[in-house]
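Presented below is the structure to which this report refers.
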Amino acid sequence: MRQPRHSMKTSVLIKRFLPYYRKYWGILILDLLCASLTTLCDLALPLIVRNITDLATNHIALLTLQYVLRVGGVYFLLRVIDAAANYYMNATGHIMGTKLESDMRYDLFTHLQRLDFSYYSNAKVGQIMARITSDLFEVTEFSHHCPEEFLIALIKITASFVILFGVNPVLTLIIFAILPLMLISTRFFNRRMRDVFQERRHQVGEINAQVEDSLLGIRVVKSFANEPMEVDKFQESNQLFVRIKSRSYHYMAGFFTSVRIFDGLMYIVVVVTGALFLMRGSITAPDYIAFLLYVNMLLTSIRRIVEFTEQFQQGMTGIERFCEIMDVKPEIEDAPHARELTDVRGEITFENVSFHYNDDNKIVLAGLNLHVRKGERVALVGPSGGGKTTLCNLIPRFYNVTSGRILIDGQDVAHLTQRSLRENIGMVQQDVYMFSGTVYDNIAYGRPGASEAEVMLAAKRAGAHEFILQLPEGYNTFVGERGVKLSGGQKQRISIARVFLKNPPILILDEATSALDNESERLVQKSLEELSVGRTTFTIAHRLTTIRNADTIWVLTEKGVEEQGTHAELMARKGKYYHLYRMYTEDDR
C-alpha cells in the first residue's frame, strides 16, 4: 500500500493558505489584538510581585493598605480585560475558523466538479470524502489558534527578554541560550510527526473507501456469504491505522520528553545560577523572584507552543492534502475564447478522429471519418471493447480526442464551452445512477426549475408514470441510496424521463432499454422513437431488434467502422452485421 510522503514546505503551505484570511482581516486583527491583551496579566504579575517584595524588604513603610488595594484594583481590571479578550478569541475566533473551513470546502467541492472522468477513474471516493470533511476540520482549529498562539508567545518571549535583560543581562543571555538547543531538538521530531500525520490521514481515507465499498456492495457481500472476509479486510486496514497512530504517539512522546528535559534544564540554570548571582550581590531578592516568575511564564508559553505543535502539524497536513487535490488540473477545460453552442441543428462530423486513454497506449479508435446528418438516427453495434461507448463519450467531451476533431454544426467541440455543449446533449447510460431523494427530484434533475406538469409529462413519455403512481408515496417516494428501493427497469425508465424533460437536440442512448422487461421495452422504445424524431440520435444497443428502424447502423470493431448502412442493406450484404444479427436472434429464441 502506498504511503504518502509530504513534499510541500511549510512556508509554501502557509502562503497557499493565507489568501483565505482576506475576507476576515477585520476579525483576525481584532482577534490578534485580544490575544495581545491576554498577555497583560501574565506580564504584569511578576512586576507587581517584584515591586511588593522590594517594598517589603527595603521600604516597608511604603507598603500601605492603600497601595495594595490600588495594585489589586489594577490587576483586577487586567483580569476583566483578559476574560473579555478570551471570550472573543474562543467565540469569534472559532467562528472565523469555521468560515475559513467552509470556504475551503466550497473551493474543493467546486474544483472536484471540474475534474474529468479520468481523475475519478483512479481516485477513491472514500479518500476524497476524508479530505473534504475531517482533514478540513483540523484547519478550523489551526486557522485561528496558530496566529494567536504564536503572537502570544512572541510577545511574552520578547517582553521577558527585554525586562530580564534590564535586570541582569548576563543571567538573561545564559537562560535564552538554551532556547536554540530546544528548537534544534524539537525540529527533528517535528519533521517525523508531519510525515506520520500524513500517513495517518491517508489511512483514514483508505478505511473510508473500504467501508464505502463494502456497504454499497452489501447485497453482493451477503449473496456470497462473504461477511467474514469483509470483516478481515477491514480489520487489516484498521490494524494498520493502529500501527501508524502508535508510531505518531512515539514521536509525540519523544517531542514532549525533549521539551521537558530542556524545561527542567532551564529551571536548574535559573535556580543555581541565580542563587550564585544572589550570593555575589549581582541581583537582589526581588530580582531573583522576578527572574523565577518570568522564566516560569516563558516556559509556560513554550509549553503552549509545544502543545499546539501537534495541532499545527495536523493543520499543515490538512492544508497539504487540500492542496494536493486543488493542484490537479482538469484535462478538459474550456478554450480561452470558447463559444456558446446555440441554435443546434445536430449535424455531427468526425474528422480523422483517433483516441486512446492516457493510462493506456492501446488505440481505441483510429482515423474515424464519419458524418451524421441533422436528425439522423445512428445505431452503433459490435463486440464489447469495440469503442462504441468511447465514441459517444467524445461527443460531449467527456474525453478529448487524441487526434482529429469532432464538429457539431461545423463547430469544433474543443472550441465550445463544456456547459453549452452538454446542455444540448441528452444521455441515458447503461449504468443508471439515482441520487438520494425522491422520484420527482431524480426526474426534475434533467431540467432544474421545470414545472410539476412537465415532470409528469416526461415520466409519461418514458413509460414511468403508471409505476410511479403505484409507489407508496407516488412521485414523493424516496428512492434510497443509489435507488436501492427501485428495480433496475424502474431506475432505467426514470433516467429516460430525465432526458425527455431535458428535451435536447442530440441524444445518446447507451443501451437505454437493456434493463427493461419486454413489455416495458416496447413501451419505452416507442417513446424513444417519438423523441428521436427530428433529433440526432446515437443508440448503442445489444438487442439488435431494437435498432432495425435506425437510419444508419455502424458496425464498430477494433478495426474501426467495418460496415455502415441500413438494417436491410447490411442484412443483404451478409457481412459482420448479418452474422451478429443472426447470432442474436438465434440466442433470443
Side-chain angles (χ1 to χ4, degrees), residues 106 109-110 112-114 117 120 125 216 340-342 344 346 392-393 395-398 417-516 520-521 523-539:
Y106 174 83
F109 185 79
T110 303
L112 286 167
Q113 294 296 312
R114 292 178 56 232
F117 284 2
Y120 291 102
V125 174
L216 290 177
E340 296 285 321
L341 179 61
T342 57
V344 180
C392 290
N393 282 337
I395 299 171
R397 273 192 82 198
F398 291 150
T417 63
Q418 296 176 66
R419 184 178 181 85
S420 67
L421 172 63
R422 293 167 188 172
E423 282 178 341
N424 286 284
I425 299 174
M427 297 190 74
V428 179
Q429 297 170 322
Q430 181 180 8
D431 183 16
V432 178
Y433 189 89
M434 292 284 107
F435 293 95
S436 182
T438 64
V439 170
Y440 185 94
D441 295 335
N442 273 279
I443 297 175
Y445 197 84
R447 181 156 56 89
S451 68
E452 184 176 345
E454 290 172 321
V455 171
M456 289 188 176
L457 178 61
K460 289 175 181 177
R461 298 180 71 187
H465 182 69
E466 290 184 4
F467 90 76
I468 293 173
L469 293 181
Q470 294 172 3
L471 294 173
E473 297 182 52
Y475 281 85
N476 292 320
T477 301
F478 281 88
V479 301
E481 187 86 18
R482 294 196 175 186
V484 294
K485 294 184 178 181
L486 302 175
S487 69
Q490 290 172 332
K491 288 191 288 186
Q492 194 79 323
R493 278 179 278 175
I494 288 174
S495 70
I496 292 170
R498 283 181 192 161
V499 179
F500 272 99
L501 184 63
K502 188 176 183 180
N503 200 24
I506 300 171
L507 298 174
I508 297 175
L509 310 174
D510 189 349
E511 300 193 15
T513 61
S514 63
L516 305 181
S520 298
E521 181 184 359
L523 182 63
V524 173
Q525 192 64 36
K526 181 180 178 181
S527 300
L528 288 175
E529 288 175 3
E530 176 191 341
L531 180 64
S532 64
V533 173
R535 308 173 199 275
T536 305
T537 307
F538 293 84
T539 303

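As the structure is a computational prediction, the values presented were derived from the model and not from experiment.
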**Fill in**
side-chain hydrogen bond (donor to acceptor under 3.5 Å, both in side chains) filter on Asn503, not counting sequence neighbours, yields Arg535

**Request:** Kindly write out the residues that satisfy side-chain hydrogen bond (donor to acceptor under 3.5 Å, both in side chains) with Tyr475, not counting sequence neighbours, or none if the list is empty.
**Result:** His465

**Item:** Side chain Asn442, main chain Phe435, donor-acceptor under 3.5 Å
**Value:** yes

**Message:** Using 0.5 Å steps for rounding, measure from the CD atom of Glu340 to the CD atom of Glu423.
**Reply:** 7.5 Å

**Request:** Can you sort out the partners of Thr477 under side-chain hydrogen bond (donor to acceptor under 3.5 Å, both in side chains), two or more places apart, ordered by chain and number?
**Result:** none

**Prompt:** Does some side-chain heavy atom of Ile494 sit less than 4.5 Å from a side-chain heavy atom of Phe467?
**Reply:** yes

**Request:** List for me each residue that meets side-chain hydrogen bond (donor to acceptor under 3.5 Å, both in side chains) alongside Gln418, sequence neighbours excluded, and say none if there are none.
**Result:** Asp334, Arg422

**Asked** What's the spacing between Met434 CE and Ile443 CD1 if we round to 0.5 Å?
**Response** 8.5 Å

**Message:** Just verifying a value: how many Å separate Ile395 CD1 and Ile508 CD1, rounded to the nearest 0.5 Å?
**Reply:** 4.5 Å

**Message:** I'd like to check the side chain to side chain contact (heavy atoms under 4.5 Å, CB included) partners of Glu466; sequence neighbours left out, ordered by chain and number.
**Reply:** none

**Message:** Applying salt bridge (charged side-chain N to carboxylate O under 4.0 Å, His left out), can you list everything that pairs with Arg447, at least two apart in sequence or on another chain?
**Reply:** Glu454

**Request:** Would you check if Glu452 and Tyr440 make a side-chain contact, meaning some heavy-atom pair closer than 4.5 Å?
**Result:** yes

**Request:** Would you check if Asp441 and Val479 make a side-chain contact, meaning some heavy-atom pair closer than 4.5 Å?
**Result:** no

